[in-house]
Amino acid sequence: MNTDAAALIAEALNVSRQSVTAQTSLMTSPEWDSLAHFRIVLALEERLGRALDPLEITTLADLASVERILGTAHTP
C-alpha cells in the first residue's frame, strides 16, 4: 500500500492514517461522502499539478484508484 495515497485519503476523510486500508472505498467508508470525494479530487490535482479529467474523477472510488492516479500502484 502506498502511504502517500493512504495519507491523502485519510486527510480528506478526516480519519486516522491507520484506518485507511486496501478495503477503504466509496462503498465501505461512510466518511467518503460527496464532500470528501471533492477533497480527494482537489488534493490529487494539487499534488499532480493538473486537473483530473472526468473519467479519473468518476473512477476514483478506492485506495487502488488513488494510487493509480498518483502513478504509484504496485503491480504483483
Side-chain angles (χ1 to χ4, degrees):
M1 173 185 342
N2 177 276
T3 57
D4 288 340
L8 186 145
I9 291 171
E11 185 173 336
L13 301 184
N14 198 28
V15 298
S16 72
R17 163 56 194 90
Q18 293 77 16
S19 68
V20 177
T21 67
Q23 289 73 41
T24 300
S25 74
L26 177 63
M27 300 303 290
T28 63
S29 302
E31 300 86 5
W32 195 322
D33 58 13
S34 58
L35 183 56
H37 192 83
F38 186 66
R39 289 191 301 257
I40 292 170
V41 169
L42 290 177
L44 283 167
E45 289 180 339
E46 184 176 318
R47 176 86 47 92
L48 296 171
R50 66 170 177 87
L52 297 182
D53 67 49
L55 182 60
E56 288 174 316
I57 293 170
T58 58
T59 59
L60 190 62
D62 55 19
L63 178 61
S65 62
V66 172
E67 289 177 332
R68 260 191 312 280
I69 291 171
L70 285 174
T72 58
H74 294 79
T75 52

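- In summary, of the residues considered (L60, L70, T59), a side chain to side chain contact (heavy atoms under 4.5 Å, CB included) with S65 occurs for L60 alone.
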Pair R50-L52, side-chain contact (heavy atoms from CB on, under 4.5 Å): steps then yes or no:
CA-CA 6 Å; R50 66 170 177 87; L52 297 182; 4.0 Å; yes
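- Results of the side chain to side chain contact (heavy atoms under 4.5 Å, CB included) test with T24 over V15, D62, L13 single out L13 as the only residue that passes.
- Closest heavy-atom contact between A6 and L63: N-CD1, 3.8 Å.
- Between D4 and R47 the shortest heavy-atom distance is CB-NH1, 3.7 Å.
- Within 6.0 Å of CG on N14 lie no more than 12 heavy atoms contributed by other residues, nucleotides or ligands.
- Between the OG1 atom of T3 and the CD atom of E67 there is a distance of 9.5 Å, given to the nearest 0.5 Å.
- Put simply, the residue from V66, I57, L26 that forms a side chain to side chain contact (heavy atoms under 4.5 Å, CB included) with I40 is V66.
- A donor-acceptor pair is defined here as one N or O able to donate and one able to accept, closer than 3.5 Å; such a pair exists between the side chain of E56 and the backbone of D53.
- Taking a 6.0 Å sphere around CD of E45, one finds it holds more than 12 heavy atoms contributed by other residues, nucleotides or ligands.
- For the atom pair CG of L44 and CZ of R39, the computed distance is 13.5 Å after rounding to the nearest 0.5 Å.
- Summarising the geometry of A36 relative to A12, their closest heavy-atom pair is CB-O, 3.8 Å, with the distance given to 0.1 Å.
- Listed for the S29 side chain is no donor-acceptor partner under 3.5 Å among the backbone atoms of E31.
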